[in-house]
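Order of the sequence lines sets the chain letters (A, B, ...), proteins ahead of strands, with each chain counted from 1.
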Number of protein chains: 2
Amino acid sequence: MSSVLAPRPPARKSFRETQFEVREEAILDATNRLLAIKGYEPMSMDDIAAEVGVAKGSLYKHFESKDALVSAVMVRLLQRTRLALAELATLATARERLEGLLRWTLQERLAGAVPHLPSTSQALRDSLLGHRLYVDELLQLSDDVSALIRDAKREGSLNADLDDEFILYTFYARSCDPTLDFLRQGGSIPDARIVDQMVAACFNGIGAAAPAASQEARA
Amino acid sequence: MSSVLAPRPPARKSFRETQFEVREEAILDATNRLLAIKGYEPMSMDDIAAEVGVAKGSLYKHFESKDALVSAVMVRLLQRTRLALAELATLATARERLEGLLRWTLQERLAGAVPHLPSTSQALRDSLLGHRLYVDELLQLSDDVSALIRDAKREGSLNADLDDEFILYTFYARSCDPTLDFLRQGGSIPDARIVDQMVAACFNGIGAAAPAASQEARA
DNA sequence: GTCTATACTGAGATAGAC
DNA sequence: GTCTATCTCAGTATAGAC
């Protein structure tokens, strides 16, 4: 009673608070996992609850809705991505930083992370755009990547004929490219080789580097 | 009565039969449209019925389930794609035929067709793989495209360092690339230019054609 | 064959005991 | 805060009249 008005130091978290946060992380992890495997619509709150090992009702003490939960997963993913990008700042050229970011993203997906996936589901996209935090994070990341693209063009390491906006969206699309899942499921190409080829194809395409001379003779 | 045993010429279709087929086409068209807009799971049979202007129950006289209906849409799409590929046989090189097919697919999508979309939904992919006709068509198309890829490599017009399987899946992924939708929604790049850049980026990548000499000096 | 009406299921969300 | 039990609603599929 006497302590009610005493200013408590905000530093130390109670055991219960810690437990709560640990569980919340577990929920986010489980959702991320299921999202990567099943996709947005087919993943039910029952699925998540079972994966975490918690009652479905309890999920709603942490997140007010399925959309909010998924949104939180995506926000965390975007934050991590920006962090990874910040750590790539040591690389010399913008081109290297772009390649590094794509490589990082693909490796994350191989490790079970959900793709950035604005692509996957129209309904999900609409839902996400209603969440302020998500939109803010996405805009910040897009700003960072756009700046990289401009720098790389100035370096002369990106095709100047392509629009910046085109390159930005293409970059996102490569991060979410389903080719990764198809090839991994196929199983005939080792993971590292898949990533190498995807990065190479993003920047150099699937065509031969130099136009083949034999082609002219053929016609 | 007397005509019951007489062999009727199978040639002429009754008015009712024609009507039935016309309506079936309309159902497939509407489903295709909604599929492109909303995606598989969010699209309900009610939506389809409303779009066609027919009672929901009637849909089940044409297709035994939602899955079967969607499967029929995809089969039709694959057949059209193979037809388009056949018409590209007049082009001189395999590389040109590949480029032409990608271009054709992207233009179809601009015109409202659904992407080939094995990517979109995991649940849909599983469902489709249970439909014999779909799997057959997909295998045939894949065989055709794989042959093209081998030919193009022989021409020297595709990067020989990339696995054939990688190129095949990448080609599919480019056909379904969400970049198209993002850019179209953005509205700042004309449709024709979007397609041009997507085809160019698929074969030549987003990197500069020749490695910039200035880059060396920079480090 | 097409319509209206309805059965049935799955899933998001809430209520109330502990 | 977590659990069990339940509400509500949307969506697939079917039944039955015409």
- Task: Dump the intermediate steps for side chain to side chain donor-acceptor pair (under 3.5 Å) on A:Arg125 and A:Gln122, then the final yes or no.
- Result: CA-CA 5 Å; A:Arg125 272 230 306 285; A:Gln122 180 61 49; 3.2 Å; yes
- How far apart are the C-alpha atoms of A:Asp177 and A:Thr179, what are their side-chain angles, what is the distance that settles it, and do they pass the side chain to side chain donor-acceptor pair (under 3.5 Å) test? CA-CA 5 Å; A:Asp177 201 314; A:Thr179 303; 2.5 Å; yes
- Task: Using atom CD of A:Glu41 as one end and atom P of D:dA10 as the other, report the distance to the nearest whole Å.
- Result: 16 Å
- Task: Taking the six-membered ring of B:Tyr40 (Phe, Tyr or Trp), confirm whether the NZ or CZ of B:Lys66 is under 6.0 Å from its centre and within 45° of its axis.
- Result: yes
Any protein N or O atoms within reach of nucleotides 13-15 of chain D? Criterion: under 3.5 Å, listing atom names and distances.
unit_1 : atom_1 : unit_2  : atom_2 : d
D:dA13 : OP2    : B:Tyr60 : OH     : 3.1
D:dA13 : OP2    : B:Lys66 : N      : 2.9
D:dA13 : N6     : B:Lys56 : NZ     : 3.3

- Query: Mind checking which nucleotides bracket the chain A contacts on DNA chain C, 5' to 3', with an atom under 4.0 Å from a heavy atom?
  - Reply: C:dA11 to C:dT14
- Result for 5'-nearest mapping on DNA chain C, choosing between A:Ser44 and A:Lys61, is A:Ser44
- Message: Please determine whether side-chain contact (heavy atoms from CB on, under 4.5 Å) holds for the pair A:Gln197 and B:Asp161, giving the CA-CA distance in whole Å, both sets of side-chain angles, and the decisive distance to 0.1 Å.
- Response: CA-CA 9 Å; A:Gln197 298 203 14; B:Asp161 292 339; over 6 Å; no
- Message: Ignoring hydrogens and geometry beyond distance, is a side-chain donor-acceptor pair present between B:Tyr172 and B:Ser142 at under 3.5 Å?
- Response: yes
- Could you tell me whether B:Ser58 contacts a base, only the sugar-phosphate backbone, or nothing, with contacts defined as non-hydrogen atoms closer than 4.0 Å? base
- Does the side chain of B:Thr81 pick up a donor-acceptor pair with the side chain of B:His116 at under 3.5 Å? yes
- Exercise: do B:Asp47 and B:Ser44 side chains pair donor with acceptor under 3.5 Å: yes
- Task: Could you go through the side chain to side chain donor-acceptor pair (under 3.5 Å) check for A:Gln140 and A:Asp144 one step at a time?
- Result: CA-CA 6 Å; A:Gln140 290 202 41; A:Asp144 293 350; over 6 Å; no
